Amino acid sequence: MADRFISGERIAAHVRFLASDSLEGRGVATRGETLATEYIATQFSLAGLQPVGDGGTYFQKVSLVGVESLPETKLSWLLPGRTITMKLPDDFVAVNRRQQTDQAVNAEVVFVGHGISAPEYEWDDYKDADVEGKVVLLFTNEPPSNDPNFFAGKALTYYGRWTFKYEEALRRGALGAVIIHTPDTAGYPWEVVRNSWGRANPFVKLQPGEPALSVAAWVTAEVGEQLIASTGKHLDELLALANSSDFRPIPLGLSLRGRIASRITTLNTHNVLGIVEGSDPDRKSEAVLYTAHWDHLGVGLPVEGDSIYNGAVDNATGCGVIMELARAFAERTPPPPRSIIFAAVAAEEGGLRGSEFYARHPVVPAGMTAVNLNFDGLLPLGPSRDVTLPGYERTTLSGLVERTAAELGLFILPEAHPEQGYYYRSDHFSLAKAGVPAFSLRLTGDFLGRPPGSGKKAREAYVANHYHHPSDEFDPSWDFSGLEQLARFGFEIGRRVAELPELPTWNPGDEFLAARETSWRNEE
């Protein structure tokens, strides 16, 4: 059964330190990173994990390019007879993905609905429109549906993620892409976008001749309403048009002009890696992988005088859990047959960069990694009978996970908001793209001892008031017994997977199955 010595108090101590003001929000390539990663490496060492980073250390170097839009950045919309000048970051945020210090913008604008091209669903927002050298304006998310065979029904697919929108615009030859933010289509308020983009954004360094968008941006709904006024419709009417397969791109008769001034820096950040070597000579070259991202937003735009984005829930909690799991596995005698790897990864807030790097440079190849269990954004408000594991049902591990939950008295609930696409927003996604069966673990439902509906209210309040805000701080009144409960569940899943005779995979027809099969061929 699950390790009874897993301690919520130890998880709380880790969270308290990682979320303290002295770590200055754990920004990538900052003093806060050094303190955070050294702390995690020290905890791995004290637990007895072996280092599997570069040069026999616990650290895997991840080299990125930081692109920070400066206050001199000016963008305006030129309409017939008038100009709409935007204020950074109240009206818009923007990044020059070409990684240049100064980028001029002067391009015609075309509205392309959701900006999706999905042949398998017979959906193409671009139709035959030529957007070469133009700026596309669009909504995030995807057409709503309750049909599981059409964009996965209510659940968001990767087509609905804002990252896909920029990727597709680039494939179409667009100069730039601008997303109109609404709380409903994005799933979070404007302040989350503003706070997340108000700093250096990390990117993998472009290779010579590699294409990139000159402008990747978001604008508020208020700005969007002004821009589409020329169509004679309101924003909600335009969204309704975009939700139809008959939608065709709309030239708006306006242009985007200005310049993006950027500070370009080299960001040398690090993943922290440790291993408990497996006990079976034939299976210790295979592994179960636990992940959590250590980074947050660092020091940023002040909110009520506070500029430190502590990231207590997001994601000091996940790091606290994997450090406690590392200790529990290291103390287990004998170790499981397969090895257990722990990775505290970098730059999740900048686009899953640390886990992406690990997936490309793994300790154990993707084809020999049995599962990735990820922990991210855990509210420490006490125990719950309910858990959610987005994506577990897509893998051949679903039966094992369900049996384990039942034995621990837990009920697996479906995602409360599958339309927000959480599966594509955390580090397990990087491993899934490499073929590894991967999902995150979270408590959900109501917390025990609290009134019905309180769990939902608490999570909504966190997203509205604390997510990506300086107020995401450690609270001494928090109850970590729920995170202890979740860690035990994660421990038991990992232990059982480490003992399976065969490596797990994705279910037939899943979008990641081809990558799994490719990873296996690479090991032949």
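A quick note: this is a predicted structure, and the numbers were derived from the prediction, not measured.
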Could you walk me through whether Ser69 and Asn96 pass the side chain to side chain donor-acceptor pair (under 3.5 Å) check?
-> CA-CA 8 Å; Ser69 297; Asn96 163 27; over 6 Å; no

Determine whether the side chains of Ser481 and Asp479 contain a donor N or O and an acceptor N or O closer than 3.5 Å.
-> yes

Check step by step if side-chain contact (heavy atoms from CB on, under 4.5 Å) holds for Phe203 and Val67.
-> CA-CA 8 Å; Phe203 296 94; Val67 183; 3.8 Å; yes

Non-hydrogen atoms of Asn315 and Gly377 that approach each other most closely = OD1-N, 3.0 Å

Mind checking the NZ-CG spacing from Lys456 to Asp446? Nearest 0.5 Å is all I need.
-> 10.5 Å

Under the side-chain contact (heavy atoms from CB on, under 4.5 Å) rule, what do Tyr467 and Asp472 come out as? Steps first, then yes or no, please.
-> CA-CA 6 Å; Tyr467 176 58; Asp472 185 3; over 6 Å; no

Hey, can you tell me if Tyr424 and Phe512 have their rings parallel, tilted or perpendicular (30° and 60° cut-offs)?
-> tilted

Thr369 side-chain N/O to Val364 backbone N/O, donor-acceptor pair under 3.5 Å | yes

Let me see the working for Asp376 and Ser426 under side chain to side chain donor-acceptor pair (under 3.5 Å), right down to the final yes or no.
-> CA-CA 7 Å; Asp376 188 4; Ser426 195; 2.7 Å; yes

State whether the number of non-hydrogen atoms from other residues, nucleotides or ligands found under 6.0 Å of Lys205 atom NZ is greater than 12.
-> no

Does CD in Glu120 sit with more than 12 non-hydrogen atoms of other residues, nucleotides or ligands closer than 6.0 Å?
-> yes

Distance-only, no hydrogens or angles: does the Tyr58 side chain make a donor-acceptor pair with backbone N or O of Leu49 under 3.5 Å?
-> yes

Should we say atom CD of Glu502 is surrounded by more than 12 heavy atoms from elsewhere, each under 6.0 Å from it?
-> no

Heavy atoms, side chains only, cut-off 4.5 Å: are Phe489 and Thr404 in contact?
-> yes

Using a cut-off of 6.0 Å, state whether more than 12 heavy atoms not belonging to Arg172 lie near its atom CZ.
-> yes

Between the main-chain N or O of Gly455 and the side-chain N or O of Arg459, is there a donor-acceptor pair closer than 3.5 Å?
-> yes

Phe247: which of Phe111, Tyr126, Trp123 passes ring pair (Phe, Tyr, Trp, His ring centres under 6.0 Å) = Phe111

Once the angle between the rings of Tyr158 and Phe164 is folded into 0 to 90°, is it parallel (under 30°), tilted (30 to 60°) or perpendicular (over 60°)?
-> perpendicular

Start with the C-alpha distance between His466 and Val313, add both sets of side-chain angles, then the distance that settles side-chain contact (heavy atoms from CB on, under 4.5 Å), and finish with yes or no.
-> CA-CA 9 Å; His466 306 297; Val313 170; over 6 Å; no

Can you tell me if Asn195 uses its side chain to pair, donor with acceptor, with the backbone of Glu191 under 3.5 Å?
-> yes

Please lay out, stage by stage, how Glu348 and His296 fare under the test side chain to side chain donor-acceptor pair (under 3.5 Å).
-> CA-CA 8 Å; Glu348 186 269 357; His296 198 55; over 6 Å; no

Using a cut-off of 6.0 Å, state whether more than 12 heavy atoms not belonging to Asn146 lie near its atom CG.
-> no

Write down the atom of Ile11, the atom of Ala487, and the distance for their closest heavy-atom approach.
-> CD1-CB, 4.3 Å

Any side-chain heavy atom of Leu400 sitting closer than 4.5 Å to one from Ile493?
-> yes

Gln43 side-chain N/O to Arg327 backbone N/O, donor-acceptor pair under 3.5 Å | no

Gap separating the CG atom of Leu503 from the CZ atom of Arg283, nearest 0.5 angstrom = 9.5 Å

Taking every non-hydrogen atom, the tightest pair across Glu142 and Leu156 | OE2-CA, 3.4 Å

Under the side chain to side chain donor-acceptor pair (under 3.5 Å) rule, what do Glu122 and Ser245 come out as? Steps first, then yes or no, please.
-> CA-CA 8 Å; Glu122 298 182 354; Ser245 60; over 6 Å; no

So, His428 versus Tyr423, ring centres under 6.0 angstrom or not?
-> yes

Ring centres under 6.0 angstrom apart (Tyr290, Phe491) | no

Under the 3.5 angstrom rule, does the side chain of Trp520 hit a backbone N or O of Gly367 as a donor-acceptor pair?
-> yes

Evaluation steps, side-chain contact (heavy atoms from CB on, under 4.5 Å), between Val497 and Leu397 | CA-CA 8 Å; Val497 173; Leu397 290 172; 3.8 Å; yes

With a 4.5 Å limit on heavy-atom distance, are the side chains of Ser339 and Glu286 in contact?
-> no

Which heavy atom of Pro380 sits nearest a heavy atom of Thr317, and at what distance?
-> CG-CG2, 4.2 Å

Please check if the distance between the ring centroids of His14 and Tyr39 is under 6.0 Å.
-> yes

Measure up the Tyr121 and Phe151 rings against each other and bin them: parallel (under 30°), tilted (30 to 60°), perpendicular (over 60°).
-> tilted

Closest non-hydrogen atom pair, Gly115 against Glu168 = O-CG, 3.8 Å

Between the main-chain N or O of Val436 and the side-chain N or O of Asn372, is there a donor-acceptor pair closer than 3.5 Å?
-> no

Which distance, rounded to the nearest 0.5 Å, do you find between the CG of Asp246 and the NZ of Lys127?
-> 7.0 Å

Contact check, side chains of Val136 and Val178, non-hydrogen atoms, under 4.5 Å | no

Residue pairs, two or more places apart or on separate chains, that pass ring-ring contact (aromatic ring centres under 6.0 Å, His included) and touch residues 360-396 | Phe357-His361

At what distance, to the nearest 0.5 angstrom, does NE2 of His181 lie from CD1 of Ile179?
-> 10.0 Å

Give a yes or no answer on whether the side chain of Asn271 reaches the backbone of Ala346 with a donor-acceptor pair at less than 3.5 Å.
-> yes

Output yes when a side-chain donor or acceptor of Glu210 lies under 3.5 Å from a complementary backbone atom of Gln207, and no otherwise.
-> yes

4.5 Å side-chain heavy-atom contact, Ser519 and Glu517 | no

Side-chain touch Arg161/Arg425, heavy atoms, less than 4.5 angstrom | yes

Close side-chain approach of Val387 to Phe411, heavy-atom, < 4.5 Å | no

Which atom names give the shortest non-hydrogen contact between His270 and Thr37, and what distance separates them?
-> O-CG2, 4.3 Å

Would you please say whether a donor-acceptor pair under 3.5 Å links the side chains of Ser355 and Ser430?
-> yes

Are the side chains of Leu289 and Tyr358 in touch, meaning some heavy atoms are under 4.5 Å apart?
-> yes

So which of Glu356, Arg353, His293 actually passes side-chain contact (heavy atoms from CB on, under 4.5 Å) with Val345?
-> His293

To the nearest 0.5 Å, atom CZ of Arg10 lies from atom CD of Glu484 at 9.0 Å

In Å and rounded to the nearest 0.5 Å, what is the OG to CG distance from Ser440 to Leu378?
-> 9.0 Å

Do any N or O atoms from the side chain of Asp295 and from the backbone of Gly27 form a donor-acceptor pair under 3.5 angstrom?
-> no

